[in-house]
Protein chains: 2
Amino acid sequence: MRAKHTIKDIAEKAGVSIGTVDRVLHERGRVSKASERKIVAAIKELDYKPNPIAQTLKNGIVHKIGVLLPNPDLDSFWRPCEEGIQEVISEYSAFTIDVVLYYFNPFKSKSFLQLGHKAYRDGVHALFFVPLFDRETNSILEKFDDADVLLATFNSPLLNTIDLYVGQDLVLSGRTAARLLHMSSPDKGKFAIVHINESFENAGHMRKKEQGFISYCIENGLNAPLTITLMAEEFKTKLVSFLEMHQDLQGIFVTTSKAHEVAKVLDSINQEKIILIGYDLLDENLEYLQKGTIDFLIHQDPKTQASLGLRYVIENLLFKKEFPKEKLLPIGIINSENAKSYIAQASV
Amino acid sequence: MRAKHTIKDIAEKAGVSIGTVDRVLHERGRVSKASERKIVAAIKELDYKPNPIAQTLKNGIVHKIGVLLPNPDLDSFWRPCEEGIQEVISEYSAFTIDVVLYYFNPFKSKSFLQLGHKAYRDGVHALFFVPLFDRETNSILEKFDDADVLLATFNSPLLNTIDLYVGQDLVLSGRTAARLLHMSSPDKGKFAIVHINESFENAGHMRKKEQGFISYCIENGLNAPLTITLMAEEFKTKLVSFLEMHQDLQGIFVTTSKAHEVAKVLDSINQEKIILIGYDLLDENLEYLQKGTIDFLIHQDPKTQASLGLRYVIENLLFKKEFPKEKLLPIGIINSENAKSYIAQASV
DNA sequence: CGTATTTGTGTTATCGTACACATTTTTTAA
DNA sequence: TTAAAAAATGTGTACGATAACACAAATACG
């Protein structure tokens, strides 16, 4: 690799001053066609690329990045996201960035809306958020429409024009679960999909996972899975009677991170044959994974979603690094053995 | 976050000039104890961190990074690594780095040694390599001993003093495979470990995987697995007679990326009941994964190993970013469904 | 006591880019 | 033809860290 060429090299080659080159580069006008031609030719010939380091130093602004995240104190599912964000913040502590965290109440769309608007008023240069509520998200996006603000989301997909989305293919994760159950009981299979409906915000997620699971069953000539939705109240009663009604059940797929609650019930009635699959590396889930009540966990990796997305945003602002419009993380299958390797992963 | 403090702020606070501050920062002497005390205090109080961007700009050197990699033309296992490296190179094309690739012959330790020494003569600032041969690696490391060169490895672990290692816990991956087989045939299980010994360089890898597999079996009261090593010659004959001898075999664990060769044989004799687990997302493996002959693949993710490691090296040189001494990547379990999500992963 | 030498300190140019401002050249109008 | 306006181009400084250099004050030594 030959040494990098600078603006000065271009200027010399084209026989003009660096100021003129700069004007061409930034299309600020006030340049004769003749000079412009020569400069453009020189840029091409020398394959000039501006030095992003120098640009960043020059601009010298403190990039303000808003992160709009559900409050982990209100729903611990978001704890790993917060951790990921914090890690990235300390990773870039030496750089001129200012990450402002806005924690909204995941059960109140208004809280989301208000904090989104607050981020706008605070004049953030980028907003990285979980678009939990469709209508409110649109309202926020409208606000930012004119402003030159980098908009990035994670966890929940969104149709709107967003610069970046980091997440997972939920349909595929449902199919993956179905395949795992199918593997472990290779006949026609009698399976159940359990939705645990704590807050309606997960509805979309659960539906997509279910859809994937069912599509696998159909394509592979399996019996259609049973479906049941459990709420916090009468959780155990309902589940137990469901199990009694379906004695021949071979596997259960829990579409949320609360598989441990199902495991608890299964344990209490000494039901050991049923294969149980759930989501996420929560401590409660891991405990039952080690005991063998939970057989597989699917890793949604919210932490990586958050940290990777924020990193894309930061590196774009700082170093002008490009990023993909959509980044779908791999669907991790976790059993009692490789769990460790995913937990260690946590710390960078 | 308050605005970043600069060397100038420190100078003002301590009532000295920036030159004096710089001398303290770099321990270049020529500073009175009184000034030093004041400066150190100011640095502490303002929590001063040097701006890595400015430092890099000032230093302005082109960092030369040597990458010592087995030639993918001679062993296609390394193709993804090369791709990962190339991706990172283009990702940082705007920065002042010069990545020099040295392709050695993975079947000839001498080739490895020679290119390692060549990298030294070329005066690289960092060397990122696969330490395939122990003795030769030590010889190379000795060379670099005095020089202030960043040494990083991937894929093959090493005891020596290396700044960074990116890889996987091989023992754990063997355990993971055992757990998967156990899940799919929940009695005492009759399993076989198949080593496919193409080149001795894999010996260490294979041994560790076997070790993990066996330890799982012991801990879980399973039968000890059978072990067989196959060479290219008489591959099929040997395998077929092995299968005939053990009609009740329930699962096979192939410790290399050549599970597809075993799958080919199983297919040819219409053996469908045996569960087959292998390594790596090769096209040949994926084909049999979709067909159902291969049931699981374990993802060693050589591409991420290479790209992540190189990225650590580059970001350390460019931005003084820190990295862990050892980075063990998660052990990915792949079935026919989530394979897609890992393949998509390939492109950044 | 005067000249060397050491020690402490401040000033300044540099890296590559960006932009305000100064200066020169060209065009237009009187 | 010449002054004014417009267009084109060059110059200087800043971003923050670094280090060579200049210079003063303090100390050493014959």
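The sequence lines fix the lettering, A, B, ..., with proteins before strands; numbering per chain opens at 1.
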Assert: residue with more 5' nearest nucleotide on DNA chain C, out of B:Asn59 and A:Gln55, is B:Asn59
Would you kindly give the NE2-to-C1' distance between A:His5 and C:dT17, to the nearest whole Å?
17 Å
Among B:Tyr312, B:Phe323, B:Phe154, whose ring-ring contact (aromatic ring centres under 6.0 Å, His included) with B:Phe128 holds?
B:Phe154
side-chain hydrogen bond (donor to acceptor under 3.5 Å, both in side chains) between A:Tyr102 and A:Asp122, intermediate numbers included:
CA-CA 11 Å; A:Tyr102 302 93; A:Asp122 289 352; 2.6 Å; yes
Gap between atoms NZ and P, on A:Lys8 and D:dG12 respectively (whole Å):
14 Å
So does B:Tyr48 get a side-chain nitrogen or oxygen closer than 4.0 Å to the phosphate oxygens (OP1/OP2) of D:dA17?
yes
Atom NZ of A:Lys44 with >12 non-hydrogen neighbours under 6.0 angstrom
no
Is any side-chain heavy atom of B:Leu25 less than 4.5 Å from a side-chain heavy atom of B:Tyr48?
yes
Whole-Å distance between C:dC15 C1' and A:Asp9 CG?
13 Å
B:Asn51 CG to C:dC15 P, straight-line distance once rounded to whole Å:
18 Å
Among residues 20-29 of chain B, which ones have heavy-atom contacts with DNA chain C below 4.0 Å?
B:Thr20, B:Arg23
With a 4.0 Å cutoff (strictly under), does any side-chain N or O of A:Thr6 reach OP1 or OP2 of C:dG16?
no
Per-helix bend value, the helix from C:dC1-D:dG30 to C:dA30-D:dT1, C1' rotation axes over five pairs per end, 10° rounding, shows 60°
Map B:Leu57 and B:Ile18 onto DNA chain C by nearest heavy atom, then report which one ends up closer to the 5' terminus.
B:Ile18
In whole Å, I'd like the distance from the CD1 atom of B:Ile39 to the P atom of D:dT18.
14 Å
Mind checking whether A:Val99 and A:Val67 have side chains closer than 4.5 Å, heavy atoms only?
yes
Rounded to whole Å, how long is the line connecting atom NZ of B:Lys4 with atom P of D:dG16?
12 Å
Classify the angle between the aromatic ring planes of A:Phe104 and A:Phe112 as parallel (below 30°), tilted (30 to 60°) or perpendicular (above 60°).
perpendicular
Side chain of A:Gln305, backbone of A:Asn155: donor and acceptor closer than 3.5 Å?
yes
Of B:Glu315, B:Arg311, B:His63, the residue whose pairing with B:Tyr92 passes side chain to side chain donor-acceptor pair (under 3.5 Å)
B:Glu315
Taking NZ, NE, NH1 and NH2 as the nitrogens, is one of them in B:Glu82 or B:Arg79 under 4.0 Å from a carboxylate oxygen of the other?
yes
For DNA chain D, find the residues of residues 30-37 of chain B with a heavy-atom distance under 4.0 Å and give them by number; none if there aren't any.
none
I'd like to check A:Ser17 versus A:Thr20 (side-chain heavy atoms, cut-off strictly below 4.5 Å). Are they in contact?
yes
Which nucleotide, C:dT11, D:dT9, C:dT14, lies nearest any side-chain atom of B:Lys58?
C:dT14
CD of B:Gln86: more than 12 outside heavy atoms within 6.0 angstrom?
yes
